[in-house]
Amino acid sequence: MNTIQIQKEPFDITAIQEQLRSDNPAIGAVVTFIGQMRDMNEGDQVSNMTLEHYPGMTEKALQVILDEADRRWALMGIRVVHRVGELQPLDPIVIVAVASAHRGEAFQACEFVIDYLKTRAPFWKKERTPEGERWVDARHADAAAEQRWGKGR
Amino acid sequence: MNTIQIQKEPFDITAIQEQLRSDNPAIGAVVTFIGQMRDMNEGDQVSNMTLEHYPGMTEKALQVILDEADRRWALMGIRVVHRVGELQPLDPIVIVAVASAHRGEAFQACEFVIDYLKTRAPFWKKERTPEGERWVDARHADAAAEQRWGKGR
Amino acid sequence: MIEVLFFARLREQLGTAREQLEAAPELLDVGSVIEKLRGRCGVWEEVFGDGQTVLMAVNQQVANLTTPVKDGDEVAFFPQVTGG
Amino acid sequence: MIEVLFFARLREQLGTAREQLEAAPELLDVGSVIEKLRGRCGVWEEVFGDGQTVLMAVNQQVANLTTPVKDGDEVAFFPQVTGG
């Protein structure tokens with residue numbers, strides 16, 4: 001019911017949402033988060049980015065997050081696709097799409113999944129700026145966002 | 001920057017999101033809500049539905065909601081498309097797509113817009129069930145969802 | 001003239017979508033328009049009777065019983081909304 | 001053998017992505033693996049030194065210093081994650 005994909009290739013936003021939403025006529029709400037690359041970070045221009053991950057652990061970590069979302073809310077499918085490798089500004093990095101009968105659950109679960117992904121899934125961003133390459137630092141905001149959800153595991 | 005459309009025709013989910021997200025390389029997050037027709041309501045099978053609205057007032061009511069969202073959060077574009085007329089199960093009814101630099105604001109604003117739309121925009125659903133046609137009753141859950149946002153106007 | 005509109009369940013119950021009311025000194029607010037409509041008895045009394053939830057708008061903005069009404073205004077009555 | 005992996009900034013600082021450590025009685029948990037790596041001095045001492053935030057996993061699950069390690073395990077070290 002839930003799927004997780006890590007890939008170098010761009011993903012097809014339409015296909016992901018269409019396949020999820022047309023899966024079941026009991027679905028009343030689909031909430032989708034798309035995270036995309038910004039051309040600025042911490043005040044510097046960013047021309048491109050490389051995303052590294054830990055193959056194997058990434059999928060396991062995401063599976064744990066999706067299982068927890070299913071435990072907390074009555075959902076009808078979650079799709080997560082995350083890109084790795086080279087990215088340009090405006091490229092989608094990640095999509096999280098959640099289907100449910102009612103919107104409240106879909107909104108909460110979608111935000112929960114991306115908040116946990118940001119702090120628990122082993123991805124690392126390296127940016128290229130006019131001053132050279134640099135690894136992106138973890139944001140305090142992400143840890144705070146995750147903590148909102150309380151003790152989950 | 002924000003657009004509102006009321007139409008009989010199906011809307012193009014892809015085009016709406018693509019146009020919004022590629023508008024500005026400072027956008028880091030796009031949150032999309034799609035509400036679609038369910039084949040069941042209040043325990044009855046629903047074969048199709050007619051959506052009526054109040055032309056003129058609908059657009060004004062939605063404009064007020066989007067203006068309020070812009071006042072509350074730092075957003076980079078909102079798209080609302082709502083269908084009227086005949087609908088079948090699985091048909092998308094409404095899409096609300098919100099772009100922002102960061103995801104927290106996009107999530108909140110998207111949920112705010114749909115919560116207010118559900119209680120303030122003049123749309124009415126009439127369902128066809130095996131027992132005949134019936135107007136859908138307003139859900140208490142929608143009024144409760146709206147009230148979460150406090151006094152906005 | 002005051003343009004009066006009815007939507008959804010109200011439109012069906014009343015059997016009319018729109019009518020023109022002659023402006024008159026006693027039609028000074030939405031409440032007095034409702035009084036006039038209710039005076040027609042029958043289904044009108046039912047729809048606008050006590051305990052019925054009827055929402056109202058003047059010139060396409062949400063209104064209440066004390067919202068003023070004047071010649072040329074558009075007054076609408078409808079049930080609770082159920083879009084989205 | 002214990003498979004040891006390094007990612008992102010750590011991989012670059014240490015100049016290696018992966019190595020095999022001989023299993024040994026004293027390598028009983030992640031903390032003792034770190035002790036051994038830190039003993040190499042130079043950049044190793046820096047990366048695993050006090051005050052550095054290094055996250056760890058055993059067999060692809062988040063671990064901490066007291067997580068047990070045995071022959072055949074995969075132990076990974078990496079900085080705070082920044083995906084999404």
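Just so you know, these numbers use all the heavy atoms, side chains as well, and skip hydrogens, waters and symmetry mates. Within every chain, numbering begins at 1; the chains are lettered A, B, ... in the order of the sequence lines, protein sequences first and strands thereafter.
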field: Contact leader toward chain D among A/Q36, A/H82, A/H53, where contacts are heavy-atom pairs under 4.5 Å
entry: A/H82

Contact winner vs chain D - A/T58, A/D142, A/I95, A/V136, heavy-atom pairs under 4.5 Å: A/V136

- prompt: With only heavy atoms counted, which part of D/L55 is less than 4.5 Å from chain A, the side chain, the backbone, both or neither?
  reply: neither

query: Of all heavy-atom pairs between D/A57 and A/Y54, which one has the smallest distance, and what is that distance?
result: CB-CE1, 4.4 Å

message: Just checking D/Q61: does its CD atom have more than 12 heavy atoms from other residues, nucleotides or ligands closer to it than 6.0 angstrom?
response: no

message: Using side-chain heavy atoms (C-beta onward) and a distance below 4.5 Å, is D/R9 in contact with A/D137?
response: yes

- line: Against chain A, residues from residues 70-78 of chain D with at least one heavy atom under 4.5 Å, in numeric order, are D/E74, D/A76, D/F78

query: Which one of D/N59, D/V81, D/T53 has the most heavy-atom pairs closer than 4.5 Å to chain A?
result: D/V81

field: Identified side-chain contact (heavy atoms from CB on, under 4.5 Å) partner of D/T82 from the options A/R139, A/K126, A/K125
entry: A/K125

